[in-house]
Amino acid sequence: MELLINFSNFLWGWPLVIFMLIVAVALTVATGAVQFRQFGYMLRTTFGKLFDKSGQGEGTIHPYQAAMASIAGTVGIGNIAGVGLAIGLGGPGALFWLWVVSIFSMITKYSEVVLGVHYREKDPVTGEYQSGPMYYITKGLGSNWKWLAVLYAFMFGITYLVYSFVQSNTIAVAMTSMVGLEPLYTGIILAVLASFVVFGGLQGLAKTAEKLVPIMTIIYFVSALIIIIGNIGRLPEVLASVFTQAFTGSAAIGGFAGSTVLMAVRHGFTRGVFSNDGGLGLGAVLHGTAITTHPAKQGMWGIFEVFLDTDLVCTSTALVILFSGVLDSGLSGLDLTSLAFATGLPTDWLGSVLICISVVLFGFTTILADIYYCDFGLSYVFKKLRGKKFSNVIRVLCLIGIVWGAVGGLSTVWGLADLVMAILIIINLPVVLAQVKTVGRLTKEFFGSGMHKKELEEEKARKAQKQQA
């Protein structure tokens, strides 16, 4: 395990960081910086239609459901414990690198969604759409690359299996510290509750996520905002430490003793990618099934998810930690975040209860998503190799894994998560880069021709007719 974690640390040093930046810059140039140029349109067609259940075009599930199911897999433990780990080990400068990874994750996730919708396939038996990097590998690169699609699908399944370990482990830590519940019992309870949802497939995940995700995200973000506003006078000091220590490293005091620039970059990038999933191919899996009229239009949801996850939720967690003055406590991860909220809110118990509830809800919905993703990836592998699907067997194994994750060591599960995440990125991003022209062409087709403006005008006209009726 020590060797694996050392290898993971090497990958998440400059090699992977530089490679991710090169891919993101190439995609930004090819799309005309769509994540900046069409930011207003993105907000209008995503946040502005968050609860609009009407949809135009073909697909299996509504864009809102696809987004909530995807957000269920992104807004989770990474936003709470992950950010606490990044700031605790990387210092305030890690927040700056969280923002950097957000900018580039927006374009990579947008591109994954665009390719996912463009190359998706309709199941002739069920009539449902299937999508994901496996499809834009075989259809975009050619049948000779089918082996890579199978390898990707296998690593995709393993990655999200390991992710479910991280979620159950963090929930178990929170329940032990809050109510004294043994980790084993926490794991069993989580597995039993998850079993009621996971056998419903994508529809079950989408229905659960669309109810829980908005509520829990709003409660957590508002609570963080209260602490930030209450300490707004420290804003210049906090921002100065974020920007200076992003390039100089932290002073050797307290919980981030010996933090260097590389540590800030490493933890900022890893926790940012772990949280928003940009570069892993997740966006193509879910959004490729959404009802939409054009790949680039659905790609806006990929940008929105990264913005919500990293720029809003992750940033709010980091600012609470920095504003509350607990960074020199010697803590990191969930303990640091919990202490920050307990210090910042009017009473200690209120902050502790908020973090405990947030961890349970965020973690549980993410576990549901992770099990679906694990099943999706491994079922693709077994179908290609054996001609059969083993969904129920895979889901049962995931439920057992939840129990194991709850009692596993914290450093072990986070170390494994970083390693499998790096491997998945190394497989996926070169494929996306190889199809940069396709992403650019589809983006230009939608925005360059004015198709996006025409759709907005048609939608406005339909609403006017409906109001008159």
(message) Students often mix this up, so state it plainly: with edges at 30° and 60°, are the rings of Phe156 and Tyr160 parallel, tilted or perpendicular?
(response) tilted
(message) With heavy-atom distances below 4.5 Å as the criterion, would you say the side chains of Met421 and Leu424 are in contact?
(response) no
(message) Give me the atom names and distance for the closest heavy-atom approach of Leu442 to His294.
(response) O-CE1, 3.2 Å
(message) So does Ser143 get a backbone contact from the side chain of Thr138, meaning a donor-acceptor N/O pair under 3.5 Å?
(response) no
(message) Please find the pair of heavy atoms, one from Ile303 and one from Met106, that lie closest to each other, and give the distance.
(response) CG1-O, 3.7 Å
(request) For Trp404 and Phe165, indicate whether the former's side chain and the latter's backbone hold a donor-acceptor pair under 3.5 Å. (result) no
(message) Between Thr315 and Thr310 (side chain of the first, backbone of the second, donor and acceptor by atom type, cut-off under 3.5 Å), is there such a pair?
(response) yes
(request) Could you tell me the separation between the SG atom of Cys374 and the CG atom of Leu397, rounded to the nearest 0.5 Å? (result) 8.0 Å
(request) Identify the two heavy atoms, one from Trp301 and one from Thr45, that lie closest to each other, and give their separation to 0.1 Å. (result) CZ2-O, 3.8 Å
(message) Show the nearest heavy-atom pair for residues Leu98 and Val101, with the distance to one decimal.
(response) O-CG1, 3.1 Å
(message) Just verifying a value: how many Å separate Asn392 CG and Asp375 CG, rounded to the nearest 0.5 Å?
(response) 8.0 Å
(message) I'd like to know if the side chain of Ser338 reaches the main chain of Leu334, judged simply by a donor and an acceptor atom lying under 3.5 Å from each other, with no hydrogens or angles considered.
(response) no
(message) Do Phe362 and Thr170 have side chains that approach each other closer than 4.5 Å (heavy atoms only, starting at C-beta)?
(response) no
(message) Test your reading of the model: is there a side-chain donor-acceptor pair from Gln130 to the backbone of Glu121, 3.5 Å cut-off?
(response) no
(request) Considering non-hydrogen atoms only, spot the tightest contact between Ala30 and Val436 and give its length. (result) CB-CG2, 3.4 Å
(request) Determine, step by step, whether Leu148 and Tyr152 satisfy the side chain to side chain contact (heavy atoms under 4.5 Å, CB included) criterion, reporting the C-alpha distance in whole Å, the side-chain angles of both residues, the deciding distance to 0.1 Å, and the verdict. (result) CA-CA 6 Å; Leu148 186 62; Tyr152 172 86; 5.5 Å; no
(message) Within the 4.5 Å heavy-atom criterion, are Thr108 and Val432 side-chain neighbours or not?
(response) no
(message) For a side chain to side chain contact (heavy atoms under 4.5 Å, CB included) check, start with the C-alpha distance between Val83 and Thr337, then their side-chain angles and the critical distance, and finish with the verdict.
(response) CA-CA 8 Å; Val83 173; Thr337 305; 5.6 Å; no
(request) Answer whether the closest heavy-atom distance between the side chains of Phe154 and Leu378 falls below 4.5 Å. (result) yes
(message) Counting C-beta onward and ignoring hydrogens, is there a side-chain heavy-atom pair between Tyr163 and Thr366 closer than 4.5 Å?
(response) no
(request) Verify whether one side chain among Thr443 and Tyr110 offers a donor that lies under 3.5 Å from an acceptor in the other. (result) yes
(request) Look at the side chain of Ser358 and the backbone N and O of Ile355, then say whether any donor-acceptor pair between them is shorter than 3.5 Å. (result) no
(request) Step through it carefully: locate the ring centre of Phe307, locate the ring centre of Phe39, and say whether they are under 6.0 Å apart. (result) yes
(message) Would you say that Asn428 contacts Tyr136 through its side chain, given a criterion of any heavy-atom pair below 4.5 Å between the two side chains?
(response) yes
(message) Side chains of Glu305 and His287 only: does a donor on one sit below 3.5 Å from an acceptor on the other?
(response) yes
(request) Output yes when a side-chain donor or acceptor of Ser168 lies under 3.5 Å from a complementary backbone atom of Ile402, and no otherwise. (result) yes
(request) Applying side chain to side chain contact (heavy atoms under 4.5 Å, CB included), run through Leu21 and Val17 and close with a yes or a no. (result) CA-CA 6 Å; Leu21 291 177; Val17 169; 4.2 Å; yes
(request) Taking Ser324 for its side chain and Ile321 for its backbone only, find out whether a donor-acceptor pair lies under 3.5 Å. (result) yes
(request) Might you work through the side chain to side chain contact (heavy atoms under 4.5 Å, CB included) test for Leu350 and Phe341, ending with a clear yes or no? (result) CA-CA 8 Å; Leu350 183 60; Phe341 273 87; over 6 Å; no
(request) Looking only at non-hydrogen atoms, find the nearest pair between Leu336 and Gly84 and report the distance. (result) CD2-O, 3.6 Å
(message) If we ignore hydrogens and angles and just use 3.5 Å, is the side chain of Ser131 paired with the main-chain N or O of Ala284 as donor and acceptor?
(response) yes
(request) For the residue pair Val34 and Met300, establish whether any side-chain heavy-atom pair is separated by less than 4.5 Å. (result) yes
(request) Taking the side chain as every heavy atom from C-beta outward, state whether Ile219 and Leu354 have any atom pair closer than 4.5 Å. (result) yes
(request) Look up atom CZ in Phe364 and atom CG in Leu190, then write down how far apart they are to the nearest 0.5 Å. (result) 7.0 Å
(request) Give, for atom NZ of Lys109 and atom OG of Ser102, the distance between the pair rounded to the nearest 0.5 Å. (result) 11.0 Å
(message) If I take atom CD1 from residue Ile426 and atom CE from residue Met20, how far apart are they, to the nearest 0.5 angstrom?
(response) 10.5 Å
(message) Let me confirm one number: the SG-CG distance from Cys398 to Leu368, rounded to the nearest 0.5 Å.
(response) 11.5 Å
(request) State, without any angle test, whether Tyr220 and Thr317 hold a side-chain donor-acceptor pair at a distance under 3.5 Å. (result) yes
(request) Evaluate whether atom CH2 of Trp99 has more than 12 neighbouring non-hydrogen atoms of other residues, nucleotides or ligands under 6.0 angstrom away. (result) yes
